[in-house]
Amino acid sequence: MELPDRYNPKDVENRIYEWWLKGGFFKAEDKSTKIPFSIILPPPNVTGSLHLGHALNHTVQDVLVRWKRMQGFNVLWMPGTDHAGIATQSVVERELKKESKNRRDMGREKFVERVWEWKEQYGGRITEQMRYLGDSCDWDRLCFTLDDGVSKAVRKVFVDLYNKGLIYKGLKLINWSPALESAISDLEVEHKEVKGSIYHIRYPLADGSGHIEVATTRPETMLGDTAVAVHPDDERYQAWIGKQVKLPLTGRTIPIIADTYVDRAFGSGVVKITPAHDFNDYAVGQRHKLTMLNILNKDGTLNENGGAYQGKKVPDARKLVLADLEAQGFLVKTEPHTHQVGHCSRSGVVVEPYLSEQWFVKMAPLAAPAKRVVESGTVVFEPESWTKTYLHWMSIIEDWCISRQLWWGHRIPAWTCADCQKWTVSETDPTACSHCGSAKIKQEEDVLDTWFSSALWPFSTMGWPQKTELQDTFYPTSVLVTGFDIIFFWVARMIIMGLEFKQDVPFRTVYIHGVIRDAQGKKMSKSLGNAEDPVKLIEEFGADALRYTLLAQIAGGRDLKFSTQRLEGYRNFMNKLWNATRFSLNNLKDFTVPAEGLNALPNKSDMSDADQWIIYKLGVLEKEVDEGLRTYRFSDSTNAIYHFVWNIFCDWYLEFSKPVFLEGFDPKQKKATQLVLAQVLNRIVRLMHPFAPFITEEIYQKLPIRGEALIVESFPTVKLDKDLLALGVEEVAHNLDLVRETIAAIRNIRGENRIKPGVKIHVRLAPQDPRAQKVLGENKVAIMTLSRLEECSVGEAGDLAKCAVQPVQVKDMKVDVIVPLEGLVDIEEEVKRIRKAIEKLQKDVSLLTVRLADANFMANAPEDIVEQGKRQLTEAKAQIQTLDAALSRLI
RNA sequence: GCGCUCUUAGCUCAGUUGGUUAGAGCGCUACCUUGACAUGGUAGAGGUCACAAGUUCGAGUCUUGUAGAGCGCACCA
C-alpha cells in the first residue's frame with residue numbers, strides 16, 4: 001500500500017465521513033456515566049447554502065466537540081435548521097411569481113403547503129454541505145423550528161407569557177416594511193446614511209396673524225401632521241402657544257403646542273408633529289393626546305387621509321407635495337441634508353414607522369435577570385469585551401414586537417371572539433371562547449417572529465416541555481459559538497427564555513467570533529460578488545486546509561480577512577504532513593509494535609539526542625495545544641502544531657533520523673528511533689485531529705501504533721503521556737540544540753560565502769568543553785549529512801589560516817566551527833560575513849554594557865535578569881574575540 | 001453624542017501578568033531537483049512597534065492625550 005506523493009482530499013474525505021457515520025461516533029447518549037458536553041448549533045436558514053461564515057462558526061464548534069469527545073466526554077452537538085419566516089416565504093413567493101401566481105390568490109393553506117414542499121425538496125442542502133466540512137453533529141437528532149415538538153414548546157411559552165401578562169397586543173407605532181407588508185423588530189432595521197434634503201415650509205396661523213416656519217426631511221408626512229410644537233421656554237413663540245395653524249394643502253387646523261422635546265437651537269425651533277409616522281412625534285402625541293393620523297396603506301402608498309395624493313407611493317407623493325407647496329408659495333427653501341434612514345434588513349426598502357396592532361413581549365421584567373447572570377459571571381462572554389455591549393443593550397431594551405404579517409411560521413395561538421371580542425390564548429386549538437363560550441372564534445392571522453422560536457432552541461430541541469433525560473444530561477449547554485451580529489437577536493433572548501422557563505442559563509460560555517471579510521477587508525456578501533463558496537474551496541483545497549485557514553486566524557475574536565493564498569499555504573501543510581507520514585511509514589516497514597502499543601517506551605539508553613529532543617518538544621506541544629483549546633485561542637493550537645510538524649519534526653527530527661535508518665547503524669538505536677518516530681507521529685495526528693479531522697483519520701488508519709478510530713481515541717495531554725514525556729528532558733534537549741546551532745553555523749558560512757551545495761567541504765569542530773566534545777562526537781554523522789560535508793573532525797582547532805570561523809554556544813557548551821576556505825571561494829565574502837557578525841555582537845555588547853553600568857538597573861532589576869545580562873556580555877565579548885582573530889588572519 | 005475594537009516587516013497578522021537585541025505565514029533576493037514532499041530544501045534582505053507625553057531600573061506591552069481606521073447603539077425635525 002504505497003501512498004501517493006500528494007495528499008488528495010477528494011479521495012479521502014467522503015469515505016472517512018461515511019465511515020464515521022456508520023460507526024455512530026457522532027451520537028450522544030441521553031444518559032451516561034461520562035461527563036456531558038453539549039453545544040447547540042445556531043440553526044442556519046433552511047433556504048441557505050453554506051457560506052464561509054458558517055464554515056468558521058461550524059469549525060470552531062466541531063473543534064470543541066471533537067476535542068471533548070476524544071477526552072471521553074458524552075458529547076452532544078445538536079444540529080438543526082431554522083424556518084426563517086421572511087427568507088423562506090420570499091423564496092417561494094419568487095417561485096410563484098415565475099408561474100404568474102401569488103400567495104393571496106392561492107390562499108394561506110395552499111401556500112403553506114407549497115412552502116413545505118419547497119422545504120422537503122431543498123431544505124436539506126445546507127445540512128448536506130455541513131458534512132463536507134466535517135461537522136460531527138448528532139444527525140439523528142436533527143431539528144427544524146417548525147417540528148411538532150418545537151412548535152409545542154413555542155405555544156407553551158407564548159401561552160405562559162400571556163398568562164403572566166408578559167405578552168400583550170396593542171396599537172403602537174412599529175417599524176413597518178412596505179415590501180414585506182409586515183412589522184419588523186427594531187433590530188431588523190438598519191440605519192444607513194442617506195443624502196437627502198431638508199425642506200423649510202411655511203405654516204400660516206389660522207387667525208391670519210402671520211406664519212410659522214417648520215423644517216422637515218419628509219414633507220409628505222405633513223399630511224398627517226396633527227400639531228406643531230415649540231419649546232415651552234422659547235421666547236420667540238410664547239404668544240403662539242395654544243393658537244392654531246392652518247395646514248397647507250389640506251386646510252386642516254392644528255394646534256401649536258409646547259414640549260421640551262423641541263431643540264430651540266435647531267432650525268427654526270419649530271417642529272411639525274406627525275404622531276403616526278415618527279417615533280419622537282409619537283411620544284409627543286401621546287403626551288399631548290394628539291390625534292394619530294395614519295396616512296399610509298400597508299404597501300407604502302398613501303391612504304384616504306392623503307387627500308389628493310391617495311394611492312401614490314411615498315417618494316412620488318413627496319415630489320407632488322413639494323411641487324404643490326412651491327406653487328402655492330409655502331416652500332421657503334430647500335437645503336441638502338445628510339441623515340440616517342432606517343432600511344429593512346431583509347428587503348432593503350425604507351422602513352416606515354407605522355401605527356398598527358401588534359403583539360409584544362414586555363421586556364423589562366425579563367431583561368433584569370438576564371442582565372444579572374452576565375454581571376455575576378454565570379454566563380461568560382469570550383472575548384470578555386462583549387459583556388459591556390450586551391449589558392448596554394439590555395439596559396435600553398424596548399418591548400419586543402413578535403408578530404409578523406406572514407404565513408410561514410408559528411401562527412400565533414390566540415383566537416378572537418366575535419361575540420365578546422376577548423382573546424382566547426391556548427396551547428391546543430380551542431373550539432369555544434374561554435370567556436363567553438361562543439363558538440364564533442377566529443385564530444389570529446399573524447405568525448411569530450422567527451427569533452421567538454430560536455430563543456427557545458437550547459431546550460425546545462431537547463424535548464421541553466416534556467421532562468427528558470436529554471435535558472437533565474445536557475441543559476445548560478456548555479458553550480454557545482456565534483457571531484457578534486446576533487448577540488441581541490438570539491443570545492440575549494435565549495438567556496431570557498432559559499431563565500424564565502428552565503430556571504437556568506442556557507449556556508455557560510458564549511464564544512463570539514469575528515466576521516469573515518475578503519482580502520480587501522470588505523464584508524463578504526452575495527450581492528458584492530466577493531463571497532467565496534466554501535464547498536468549492538473544499539473541493540479544490542480540502543476541508544482540513546479550509547478549517548485550518550479559518551482557525552489559524554481567529555485569535556481574539558477579531559474579524560478575519562480571507563485569502564486563497566493563505567489557504568494554499570495550509571493545503572501545502574497538509575501535504576507536508578502527508579509526506580512526512582509517507583517517509584515515516586517507509587522507514588517503519590520492519591518495525592514491530594511492542595505489546596504495550598500506545599504505552600510502549602524506548603530504552604532510554606538506546607535513544608539518540610534527537611530522540612530525546614523530539615520527545616521534549618512533543619511535551620511542549622501538548623501543553624500549548626491544550627492551553628489554546630482551553631482558552632479558546634485556537635490559533636495558538638493550530639500554530640503550535642504547524643510549527644512542530646514542519647519546523648521541528650520534518651526539518652530536524654526526520655532529517656536526523658535519516659542516517660539512523662541507513663545501513664550500518666546500531667540496531668538498538670534504530671529500534672529506539674523507530675519507536676519514537678511511531679509514537680510521535682501517533683501523537684501528532686491525535687493532537688491535530690480536532691482541527692484537521694479527515695487527513696488525520698486517514699493517516700491514523702495506516703499507522704503501526706493505532707486503535708480502531710482516531711475520532712474516539714484519547715486526546716494527548718502531558719498527564720496522559722507522562723511516562724513517554726519523561727524520556728525527553730529539557731537539559732538533554734540542549735545537546736541537540738548545540739548540534740542544530742552548529743549545523744546552522746556551517747550552513748550560514750556556506751550560504752554567505754556562496755559555496756554551492758554540490759561542493760563537499762571539510763569542517764573542523766573545536767569543542768571548548770567535554771560535554772560539547774561528547775555531543776558533537778556522537779552526532780557527527782548527522783552533522784555531516786545535514787550540512788553536506790565530506791569530512792568532519794571533532795577536536796583540535798588546528799591551523800586557522802584562510803579559515804572561516806564561527807563560535808557557537810548553547811548553555812555551557814561551546815564550539816568553534818572552522819571551515820577551511822582555501823581554494824573554495826574568494827576570501828572577501830567571508831570577511832564580509834565575519835564583519836556582519838561582529839557588528840551585531842558589538843551592538844549587543846554596547847547595549848549590555850550600558851545597562852549593567854546603570855546603578856538603578858543593578859539595584860532594581862531582579863537577580864536573574866542581571867545575571868543573564870552579565871553572562872550574555874561575557875559570551876558576546878568572547879565571541880567577538882574569536883571572530884576578530886579570524887578576521888585578522890584573513891586580511 | 002455614548003460604547004467597543006484596531007494601528008507591529010511590502011501584504012495578512014501573532015506578541016498572555018512590562019524583562020534583554022520584536023516573531024510567523026505569504027511575498028521578495030540568491031542558490032539547489034539531495035533516495036517524504038518543488039504544495040519541497042538552504043541561506044539572506046526587510047520593522048525608530050501610528051504619534052506625543054507619563055509611570056518604571058526597563059514599555060510593542062501599563063496610563064493619558066493626539067491622529068487615523070472599523071464596528072455597535074442612540075440621534076435634531
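Below, chains carry the letters A, B, ... as their sequence lines are ordered, and counting in each starts from 1. Computed over heavy atoms, backbone and side chain alike; hydrogens, waters and symmetry mates excluded.
- The side chain of A/D844 lies closest to B/U21, out of B/C4, B/A45, B/U21.
- For residues 537-562 of chain A, the side-chain hydrogen bond (donor to acceptor under 3.5 Å, both in side chains) pairs, not counting sequence neighbours, are A/D62-A/R547, A/R517-A/D559.
- Using a 4.0 Å heavy-atom criterion, one finds that A/H200 contacts no nucleic acid atom at all.
- For the C1' atoms, the distance linking B/C13 with B/C49 amounts to 13 Å, nearest Å.
- The backbone N or O of A/D281 lies less than 3.5 Å from a partner atom in the side chain of A/D278, making a donor-acceptor pair.
- Classification of A/R633 and A/E627 as a salt-bridged pair fails, no side-chain N sitting under 4.0 Å from a carboxylate O.
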Checklist entry - Going 5' to 3' along nucleotides 24-37 of chain B, which nucleotides have protein heavy atoms under 4.0 Å from the base (write B), which only from the sugar-phosphate (write S), and which from neither (write -)? => result --S---SSS-BBBB

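- A gap of 26 Å separates the P atoms of B/U48 and B/U55, to the nearest Å.
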Checklist entry - In dot-bracket notation, what is the pairing pattern of RNA chain B, taking Watson-Crick (N1-N3 plus N6-O4 or O6-N4) and G-U wobble (N1-O2 and O6-N3) contacts under 3.5 Å, with [ ] crossing and | for other strands? => result (((((((..((((.....[...)))).(((((.......))))).....(((((..]....))))))))))))....

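- Judged as a side-chain hydrogen bond (donor to acceptor under 3.5 Å, both in side chains), the pairs with a partner in residues 215-227 of chain A (not counting sequence neighbours) are, in order, A/Y203-A/D225, A/R218-A/E220, A/R218-A/E352, A/E220-A/R318, A/T221-A/K272, A/D225-A/K272, A/D225-A/T274.
- Taking every side-chain heavy atom of A/Y261 into account, B/A77 is the closest of B/C4, B/A77, B/U21.
- The side chain of A/R558 contributes an N or O atom lying less than 4.0 Å from OP1 or OP2 of B/A14.
- Here B/C71 presents its P atom at 18 Å from CD1 of A/I512, a figure rounded to the nearest Å.
- Using a cut-off of 4.0 Å between Lys/Arg side-chain N and Asp/Glu carboxylate O, A/R871 and A/E867 are scored as not salt-bridged.
- The side-chain hydrogen bond (donor to acceptor under 3.5 Å, both in side chains) pairs that include a residue from residues 837-862 of chain A number zero, where partners must be two or more places apart or lie in different chains.
- For A/K388, no side-chain nitrogen or oxygen approaches OP1 or OP2 of B/G3 to under 4.0 Å.
- The P atoms of B/A77 and B/G10 are separated by 44 Å, rounded to the nearest whole Å.
- Separating the P atom of B/C31 from that of B/C51 is a span of 37 Å, rounded to the nearest Å.
- On the P atoms, B/A69 is 22 Å away from B/U64, given to the nearest whole Å.
- Residue A/K836 places its side chain closer to B/A45 than to any other of B/A45, B/C73, B/A77.
- Contact check, A/K840 against B/U21: no side-chain N or O comes under 4.0 Å of OP1 or OP2.
- Each of A/F691, A/Y642, A/F541, A/Y7 was scored for a ring-ring contact (aromatic ring centres under 6.0 Å, His included) with A/Y570, with one residue passing: A/Y642.
- Under the rule for a side chain to side chain contact (heavy atoms under 4.5 Å, CB included), the partners of A/V866 that lie at least two apart in sequence or sit in another chain are A/L852, A/F857, A/M858, A/A861, A/K870.
- Across the C1' atoms, B/U7 and B/A50 are found 6 Å apart, a figure rounded to whole Å.
- In terms of phosphate contacts, A/H643 brings no side-chain nitrogen or oxygen within less than 4.0 Å of OP1 or OP2 of B/A14.
- Taking side-chain N and O atoms only, A/R264 has no distance below 4.0 Å to OP1 or OP2 of B/A77.
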